[in-house]
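Each remark here refers to the structure printed beneath this line.
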Amino acid sequence: MSLTPAAPKPDHIPDAVVYDFDIFHDPALKQDAYKRAMQIVKEAPPVFWTPRNGGHWLIAGHKAVFDASRDPALFTSEYIPFEKIQEMRAALPPGAPHLLQPTPITMDPPTHTTYRLPLQGVFSPKAMGNLKEHVRTLASKLLDDVKANGKCEFMNEIAEPLPVQVFLELFGLPVERQRQYRDLVKEHMSQENTDPKQMQQRLYKLTDVMHDTIVDRRDNPKNDMISMLWKSEFNGKPATLNDLEDYCVVLFTAGLDTVMNAMGLGVLHFATHLDLQNKLRADPSLISDATEEMLRRYTFTLPPRWSAKDQEFFGAPMKKGERAVLMLPTADLDPKEFESPENFELQRDKVHIAFGVGPHRCLGSHLARIELNILYEEMLKRLPEFRLDASKPVTYHGGHVWGPDQVHLVW
Ligand code: HEM
């Protein structure tokens, strides 16, 4: 797909803070996402405006991302204010479709705090730790299935089925429908949402495929996340079908489109750094450090925000309501925070922000780390030295979640 058309630059934005970057369709990003990210780190201001995808801000420097993420008085996650959604819902005619609010990710504190709470227990380190053996069994089977072939397309054959199956079981959706769910999430993530009406239409597509299961778990609870959410109370009232749909759209996309990209990026690094494979095979206790450094070196999510007021932020003059994207990949490659950021170093004294920072920090981080560590452990144990098939170059997808489209391995 070609670049999105350039939007006219608003008068209050000086040329000095404009840098042309299409987070979805930039050709250099598709060729090598992290080379392009490094180029942005070197060339662009820490906060800049791009005319692409309707025109929006990008918050790229580490300190700027950190400050913007932590303070909803500077940048809000509410693309429509919570109170306004309540008003709009009250005004809907009887029988009109529910107005979806992705929960808790599009809320600011204090509302956000109330709605995040029911999820905290289910995603706790203890609850996720119980999944370790299951994840290991699945990973081992997927790897053993491809081992004799001497090659695999890693994204399709391992990076997708492993975390997707783990998530669907945990969440309570039928695993046999994983192809349908993944195709839908991929389509959902492939374009920008600038129009709230269109956004609703697209979210309905997600709730439609989950509707039968959500209703079934209300009537026949099981030991899964959807059943657990039905038992929650919101503002003293029992959960409703609308509450469940609001949570499910977020969990569905977060669960089905994150860890697979992390796995693809990490394995791509291993496949092009045989010295690292050998080092970790010799000392597997270093694998968890490698997982953290992979997450930093190839940070891959870009969450959206909106300027909460007219403000000058890191030299950029913004108007209230203007859209901004937190560019976590460049934040974690910022030389002001990480020395020689391009280098892969097992021990770093600074912590990455791949899982975000502030009130919305990722709830799935414990699960993601378990899956990544176990995959790398089993892969280095079960496969001989694996390399990238040089005849099949890697391409990347952009958007709010970056990752490789395909990673052809040979061994
Ligand atoms: C390596 C994998 C993952 C990465 C890098 C990642 C990254 C992130 C980031 C950066 C945020 C903050 C978004 C913001 O500030 O607006 C976030 C939030 C969130 N993530 Fe993840 N995520 C990963 C995996 C997962 C998984 C597997 C799940 C669930 C199954 C999950 C569930 C969530 C939820 C529910 C939120 C919203 C939290 C809130 O609004 O309070 N994530 N994630």
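Counting convention: from 1, in listed order, for ligands and their atoms alike. Nothing fancy with the numbering, it's 1 onward along the sequence.
Considering backbone and side-chain N/O of His112, one or more are found under 3.5 Å from N/O of ligand 1. Ligand 1 has no nitrogen or oxygen under 3.5 angstrom from a nitrogen or oxygen of Arg361.
A donor-acceptor pair is defined here as one N or O able to donate and one able to accept, closer than 3.5 Å; such a pair exists between the side chain of Thr258 and the backbone of Ala254. Of the possible donor and acceptor atoms, one in the side chain of Thr76 sits under 3.5 Å from a partner among the backbone N and O of Glu78. Looking at Arg52, its side chain never comes within 3.5 Å of a backbone N or O of Asp20 through a donor-acceptor pair.
For the residue pair Gln347 / Asp289, a side-chain donor-acceptor distance below 3.5 Å is found, with atom types taken as modelled. If you check the side chains of His134 and Glu169, you find a donor sitting under 3.5 Å from an acceptor. Side-chain contact of His269 with Glu293: a donor-acceptor pair under 3.5 Å is absent, judged by distance alone. Inspection of the His352 and Thr299 side chains reveals no N or O donor paired with an N or O acceptor under 3.5 Å.
Under a 4.0 angstrom heavy-atom cut-off, Pro104 registers as being in contact with ligand 1. Distances shorter than 4.0 angstrom do not occur between any heavy atom of Arg369 and any atom of ligand 1. Look at Phe123 and you'll find a heavy atom under 4.0 Å from some atom of ligand 1. The closest approach between any non-hydrogen atom of Glu371 and ligand 1 is not below 4.0 Å. The shortest separation from a heavy atom of Ala354 to ligand 1 is under 4.0 Å, placing the residue in contact. Ligand 1 has at least one atom lying under 4.0 Å from a heavy atom of Pro359.
Nearest heavy-atom pair across Leu58 and Met327 is CD2-SD, 3.7 Å.
Of all protein atoms, those that are N, O or S and lie under 2.8 Å from atom 21 (Fe) of ligand 1 total 1.
A centroid separation of 6.0 Å or more is found between the aromatic rings of Phe171 and Tyr181. Taking the ring centroids of Phe48 and Phe21, they lie at or beyond the 6.0 Å cut-off. Ring-centre distance between Phe154 and Phe386: not below the 6.0 Å cut-off.
Distance from atom 37 (C) of ligand 1 to its nearest protein heavy atom, with residue and atom name: Ile105 CD1, 3.7 Å. The protein atom (non-hydrogen) at minimum distance from atom 16 (O) of ligand 1 is Arg305 NH1, 2.9 Å.
Here Leu328 has side-chain heavy atoms under 4.0 Å from ligand 1, and that is the only part of it that gets that close. Contact annotation for Phe300 and ligand 1: only side-chain heavy atoms (C-beta onward) come within less than 4.0 Å of the ligand. Heavy atoms of Met107 found under 4.0 angstrom from ligand 1: none, in either backbone or side chain.
Compare His360, His352, Met263 by their heavy atoms: the one nearest to atom 38 (C) of ligand 1 is in His360. In the candidate list Val259, Ile370, Leu251, Val259 is nearest to atom 27 (C) of ligand 1, counting heavy atoms.
Environment of CD in Glu345: crowded, with over 12 heavy atoms of neighbouring residues, nucleotides or ligands closer than 6.0 Å.
Arg296 places a side-chain heavy atom less than 4.5 Å from the side chain of Pro341.
Atom numbering of ligand 1 starts at 1 in the shown order; those under 4.0 Å from a heavy atom of Gly255 are 30 (C). Near Phe167, with a cut-off below 4.0 Å to any heavy atom, the atoms of ligand 1 are 30 (C).
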### Message
Let's go through Glu160 and Lys186 carefully: what are the C-alpha distance in whole Å and the side-chain angles of both, what is the deciding distance for salt bridge (charged side-chain N to carboxylate O under 4.0 Å, His left out) to 0.1 Å, and is it a yes or a no?
### Response
CA-CA 12 Å; Glu160 182 180 279; Lys186 198 169 164 186; over 6 Å; no
